[in-house]
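Report on the following structure.
Excluded from the calculations below are hydrogen atoms, water molecules and symmetry mates; all remaining heavy atoms, backbone and side chain alike, are included.
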Amino acid sequence: MSDSGGGGGGMEKAKDKKKGLSTIVIDKTDTQMEEEDTPEEMWRVVLHNDEVHTFNYVIRSLQKVMGTLDKKKAFDICTVTHGQGQATVDECWKEQAMKYCLGLQRQGLTASIAPSNKFEGGGNDAGGGPESG
């Protein structure tokens, strides 16, 4: 760990002859971080069918968690979920999808998230979350 010889750590120590003071000079090198050219992918909030909750309870829960979801859209999501086993509630950024998913789970519903480009299953068109329509 000595700075003698070439290629040290970019730090030079020069000793001043007055009163034993020393000056540290740090060479700054500009390193640019590579920017990601790929945009953040969208995630789906998926509601899974269960045989426990009533349509009315699920509709109220969807409206409570999603905020701006109207009763007809919530009913449509319930219908698709009941018929196909699962339905997309919303498509959004991952952080928001996680919040919606946790909110639905706190209501006792079975929900998950999946990347939109890798999503397989029913309810692709059921969407209709706050951002659509």
*Decide yes or no on side-chain contact (heavy atoms from CB on, under 4.5 Å) for Ser116 and Thr88, but give the supporting numbers first.*
CA-CA 10 Å; Ser116 286; Thr88 299; over 6 Å; no
_Tell me the closest heavy-atom pair linking Leu62 and Ala74, and the distance in Å._
CD1-O, 3.8 Å
_Contact summary for Cys92 and Ala97, nearest pair of heavy atoms_ = SG-N, 3.4 Å
_With heavy-atom distances below 4.5 Å as the criterion, would you say the side chains of Leu69 and Asp90 are in contact?_
no
*Taking C-beta and beyond as the side chain, do Trp43 and Glu91 meet within less than 4.5 Å on heavy atoms?*
no
_Sequence neighbours excluded, every pair satisfying salt bridge (charged side-chain N to carboxylate O under 4.0 Å, His left out) that has a member inside residues 94-105_ =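 Qualifying pairs: Glu95-Lys99.
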Distance check, rounded to the nearest 0.5 Å: [X] atom [atom1] versus [Y] atom [atom2]?
X	Y	atom1	atom2	result
His82	Leu47	NE2	CG	12.5 Å
Asp70	Gln63	CG	CD	7.5 Å
Lys72	Ile77	NZ	CD1	11.0 Å

*asked:* Membership question, hydrophobic clusters at under 4.5 Å side-chain separation (ILVMFWY): are Met66 and Tyr57 in the same one?
replied: yes
*asked:* Check for me, please, whether Val65 and Leu102 land in the same ILVMFWY cluster - side-chain distances under 4.5 Å, paths through other members count.
replied: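 No, no single cluster joins them.
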Could you tabulate the donor-acceptor pairs under 3.5 Å formed by side-chain atoms of residues 104-112, not counting sequence neighbours?
residue	atom	partner	partner atom	Å
Gln105	NE2	Ala111	O	2.8
Ser112	OG	His48	NE2	2.7

